[in-house]
Every structure is written in C-alpha cells, then in structure tokens.
Amino acid sequence: MKFIVSSSILLKQLQLVGGVLNSSNTLPILDNFLFEIKKGKLSITASDLETTMITQVNVEAKEDGVIAMPAKLLLDTLKTFPEQPLTFTIDNDNFGVEISSDYGKYKLTGHNGSEFPKTPKLDSPSNINIDAATLANGINKSLFATGNDELRPVMSGVFFELNNDDLTFVATDAHKLVKYKRTDIKSEVGSSFILPKKPLTLLKGVLANLTEEVKVQYNETNAMFAFGDTKMICRLIDGKYPNYNAVIPTENPNKLTINRNALLSSVKRVSIFSNKTTHQVRLKITGSELSVSAEDLDFANEANERLTCQYEGEDMEIGFNSRFLVEMLTNLTSEEVNIAMSAPNRAGILTPSEKEDEAEEILMLVMPVMLNN
C-alpha cells in the first residue's frame with residue numbers, strides 16, 4: 001500500500017483529531033491513528049473508546065488499505081517539515097511504514113488496522129442542524145459551569161434539551177448554574193441528552209473557525225457531530241439530569257444593574273485579598289452604591305472598593321465565591337449586567353441587561369456563601 005499526501009494538510013488533520021488521544025490508554029492500539037484508504041480518500045481515525053473523531057484527506061493512492069500508525073511519533077515528525085509532498089509506503093505483511101520526504105527516509109512500525117476498535121454506528125438517530133457559531137457559543141457559555149464530581153456523573157456534562165420552541169443548554173455543579181436558550185433552533189420531537197466534557201472541549205476548539213452548519217445526530221447512547229470532512233462520535237452520559245428549573249428562584253425583588261467590566265475588574269482585584277479556601281467577596285448594596293469587599297483574617301488582609309450602580313430593592317449584604325462571579329462575568333458579553341436577588345441565603349441570578357442577539361436567552365445562577373458578620 002502506498003500513498004502521497006501534502007505534509008501540512010496531513011499535519012493539520014492529525015492535530016484536529018489528535019485531541020481525542022489520551023496520554024494513558026487501556027488498549028495500546030489507541031495510541032495510534034487509524035489510516036484507511038478507499039478510492040483515493042484517506043480517512044484518519046482517533047479514539048479513546050468514549051469519543052471517536054474521523055477526518056478525511058485527499059491523497060494520491062492506487063490501492064485501498066488500512067494501517068494503524070503511532071500517533072505521537074507521526075505528529076512529532078510532521079511538525080518539523082515545511083510544506084512538501086510525503087510518500088508513505090506500507091508493507092502489508094509486517095506493517096512497516098516508510099515515509100519519504102525531500103530530506104530523506106524515516107521508518108516506523110505500524111500495527112494491524114483491523115485491531116482498531118470499530119466506530120460506533122448510530123441506530124435510528126434523531127437529526128438536527130445547528131449553525132457552527134451558535135453551537136460554539138452555547139458550549140462556551142455553559143461548559144465552565146459543569147461539575148467534576150465523579151459520584152454525580154450527570155452533572156459533569158452539558159444537558160441539551162430540544163423541543164419545538166427552542167434548544168436549551170444547561171450546566172451546573174450545584175454551586176453555579178447556566179441556562180442558555182436558543183429560540184432559533186427547534187426540533188419537531190422533544191428530546192434531551194447529556195454530552196460529556198471532553199467532546200465538548202474538542203468541539204469548542206474546532207468550531208471556532210467554522211462558518212458552516214453542523215449536522216447533529218443522536219440516539220439513546222451516542223451523539224454524532226458532522227462538519228466539513230470531519231465527524232465526531234461520542235458516548236452520552238447515562239442518567240437523568242436534575243430538575244434545574246426547580247432551583248431557579250422566581251421571586252427576586254432586589255435588582256442591581258451595573259457595568260459588567262467595572263464589576264469584573266473590581267471583583268478580580270478585591271478577591272486577591274479574600275480567604276484562600278472560601279474565595280469569599282462581600283457585596284453590600286445601599287441605595288445606588290455597591291461596596292465590594294473581602295478579607296482574610298488569618299493574614300489580616302482586606303480590600304474594599306465602591307462602585308456606583310442602579311438598584312431597586314431593600315439594602316442588603318450578600319457573599320459570593322469570587323471565582324464563580326469572575327467566570328460568569330467573563331462569559332457574559334453585554335455592556336451592563338443585572339443581578340437579581342431575594343435574600344442573603346438565596347441564589348443570585350445574573351442576566352445581560354440588553355440582548356445582543358434576539359434569539360438567545362441566558363441566565364446564570366450563583367449560590368451565596370454565608371457571611372460571618
């Protein structure tokens with residue numbers, strides 16, 4: 001088996017699917033890329049059993065064939081070449097691979113491609129098309145709020161909820177929650193699934209440069225995202241997602257409106273002086289003045305800043321974990337942000353003051369931390 005391919009195109013596609021590879025695999029064959037040639041098209045597959053990514057490259061090839069090649073060695077080698085054609089010659093008996101470049105020859109040992117795990121097939125899937133930028137936005141806005149608790153795997157992914165009015169992305173770790181809704185994406189059949197963090201992180205990286213639509217297929221166990229010459233298939237998280245609407249307080253009479261960047265900068269500065277275990281910052285609102293403060297009694301550190309804001313409601317004092325506030329304010333993009341609250345022991349709700357896109361609705365919820373007065 002023999003094929004000729006552009007070094008830079010091959011490297012780009014290998015880096016694209018290479019994000020799937022784990023540093024330590026249970027099956028040694030998963031340390032390889034699967035190369036499969038059919039009718040002059042090269043398919044490259046990388047998998048960690050949970051997530052599989054496949055991309056295609058045009059090559060010059062006379063015959064079909066399949067081989068698994070060591071991923072790290074191949075990537076490290078290709079990174080050193082300027083753009084040039086490379087010739088791969090594969091010995092079908094002992095799986096030896098010889099790469100010929102303008103500089104010389106390189107030999108490596110491949111493996112039998114038939115040992116590579118088969119790509120999962122989606123039986124009777126549901127279909128939906130989502131604009132790449134919209135999907136990337138939904139992932140960006142929600143991914144940071146997912147949990148890391150191995151005992152609650154359903155909360156370690158992002159919940160996709162489809163119905164005939166909208167698509168909602170939800171993520172929570174029980175301390176913070178993000179609900180991002182798109183009214184421009186609809187599905188005739190109501191359904192939902194939970195996508196794990198790793199494939200979402202991979203998608204986030206890939207979708208940033210795409211302008212086309214992403215074709216999404218899913219069933220009870222797997223989901224597939226197809227765009228351009230690439231597709232990603234991942235196993236879904238099994239389980240029932242918590243009833244997130246039940247934890248969002250509806251009665252929030254105290255409403256604060258403030259410049260988002262001003263509050264973000266203030267919380268970042270003040271939190272340097274906060275306790276290193278609680279990361280607590282205190283928001284004290286009286287009239288149209290917001291005081292942001294933090295203290296670390298162990299080291300006698302403290303900081304206090306005053307900001308002007310618009311406020312409707314009773315004067316109140318509430319504590320939040322500064323890291324959660326910073327993440328949320330960073331992931332919102334509006335000029336001003338609203339924070340709605342009811343009591344110092346109830347969740348605060350962050351929403352953008354003005355909509356940048358008519359089709360999107362975003363709500364972020366953050367649980368307070370108890371103040372020790």
Side-chain angles (χ1 to χ4, degrees), residues 6-25 30-35 42-57 71-72 74-79 119-120 128-148 155-160 167 169-171 173 178 180 182 185 193-218 222-237 326-328 330-333 357 360 362:
S6 146
S7 61
S8 57
I9 291 175
L10 181 60
L11 175 62
K12 189 177 170 214
Q13 298 310 97
L14 289 182
Q15 285 173 325
L16 174 68
V17 299
V20 173
L21 299 167
N22 282 339
S23 48
S24 55
N25 282 309
L30 296 176
D31 295 331
N32 295 267
F33 290 119
L34 180 70
F35 279 57
L42 167 64
S43 288
I44 306 164
T45 306
S47 176
D48 68 354
L49 292 182
E50 298 284 321
T51 307
T52 302
M53 237 173 145
I54 305 162
T55 189
Q56 290 194 318
V57 182
K72 187 175 183 319
L74 207 51
L75 281 168
D76 289 347
T77 311
L78 286 170
K79 280 175 194 165
T119 304
I128 186 167
N129 288 349
I130 305 177
D131 178 67
T134 305
L135 182 57
N137 206 5
I139 294 170
N140 281 331
K141 293 269 197 290
S142 54
L143 191 58
F144 77 91
T146 53
N148 292 318
M155 286 160 82
S156 68
V158 171
F159 181 59
F160 283 61
L167 161 62
F169 301 75
V170 183
D173 64 357
V178 172
Y180 179 79
R182 293 294 307 196
I185 302 167
F193 54 87
I194 307 168
L195 262 184
K197 201 174 286 191
K198 182 174 177 178
L200 286 167
T201 308
L202 291 169
L203 273 176
K204 180 177 155 177
V206 177
L207 296 175
N209 314 320
L210 286 185
T211 49
E212 63 214 80
E213 281 208 322
V214 179
K215 187 177 178 192
V216 186
Q217 294 189 326
Y218 55 94
N222 290 289
M224 183 181 87
F225 296 81
F227 41 89
D229 289 327
T230 306
K231 60 182 178 185
M232 181 176 89
I233 298 141
C234 59
R235 191 177 300 166
L236 299 172
I237 296 175
V326 166
E327 281 180 320
M328 291 184 172
T330 307
N331 279 286
L332 289 168
T333 47
D357 183 339
E360 76 171 20
I362 183 159

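Nothing fancy with the numbering, it's 1 onward along the sequence. Remember, predicted model here, so these are calculated numbers, not experimental data.
- The shortest heavy-atom contact between Q13 and Q56 is NE2-O, 4.1 Å.
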Quiz item: So F35 and L10, side-chain contact (heavy atoms from CB on, under 4.5 Å) or not? Walk me through it.
Solution: CA-CA 11 Å; F35 279 57; L10 181 60; 4.1 Å; yes

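- Under the 4.5 Å side-chain criterion, counting only non-hydrogen atoms from C-beta, V20 is in contact with L202.
- Here the closest non-hydrogen pair linking S47 and L49 is OG-N, 3.0 Å.
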Practice problem: Take D173 and N148 through the test side-chain contact (heavy atoms from CB on, under 4.5 Å) and record every step on the way to the result. | Solution: CA-CA 7 Å; D173 64 357; N148 292 318; over 6 Å; no

Exercise. Check step by step if side-chain contact (heavy atoms from CB on, under 4.5 Å) holds for N129 and V216.
Key: CA-CA 6 Å; N129 288 349; V216 186; over 6 Å; no

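- Between V158 and I194, every side-chain heavy-atom pair lies at or beyond the 4.5 Å cut-off.
- The CG atom of L74 sits 9.5 Å away from the CG atom of N32 when rounded to the nearest 0.5 Å.
- The shortest non-hydrogen separation linking M224 to I233 is CG-CG1, 3.6 Å.
- The closest side-chain heavy-atom distance from F225 to I130 is not below 4.5 Å.
- The two residues G19 and K198 have their closest heavy-atom pair at O-CE, 3.9 Å.
- For the atom pair OG1 (T77) and NZ (K72), the distance works out to 9.5 Å, reported to the nearest 0.5 Å.
- Remark: side-chain polar atoms of D48 are paired, donor with acceptor, to backbone N or O of T51 under 3.5 angstrom.
- Rounded to the nearest 0.5 Å, atoms NZ (K215) and NZ (K231) are 9.5 Å apart.
- Listed here is the closest heavy atom pair of S142 and A171: O-CB, 3.1 Å.
- Atom CZ of residue F169 and atom CZ of residue R182 lie 8.0 Å apart, to the nearest 0.5 angstrom.
- Within the 4.5 Å cutoff, the side chain of L34 has no heavy atoms near those of the I54 side chain.
- At a threshold of 4.5 Å between non-hydrogen side-chain atoms, the residues I44 and V57 count as touching.
- With a 4.5 Å cut-off on side-chain heavy atoms, E213 and F227 do not count as touching.
- For the residue pair K197/S156, the side-chain donor-acceptor check at 3.5 Å is not satisfied.
- In this structure the side chain of I128 reaches within 4.5 angstrom of the side chain of Y218, judged on heavy atoms.
- Put simply, the side chain of V17 does not reach to within 4.5 Å of the side chain of T45, judged on heavy atoms.
- Side-chain atoms of N137 and K204 form no donor-acceptor pair, as typed in the model, at a separation below 3.5 Å.
- Residue L210 holds its CG atom at 10.0 Å from CG of D131, rounded to the nearest 0.5 Å.
- To the nearest 0.5 Å, the span separating OG1 on T201 from CD1 on I139 amounts to 8.5 Å.
- Taking all atoms of both residues into account, the shortest heavy-atom contact from T333 to K141 is CG2-NZ, 4.1 Å.
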Practice problem: Please test L236 against L195 for side-chain contact (heavy atoms from CB on, under 4.5 Å), starting from the C-alpha separation and ending with a verdict. | Solution: CA-CA 5 Å; L236 299 172; L195 262 184; 3.7 Å; yes

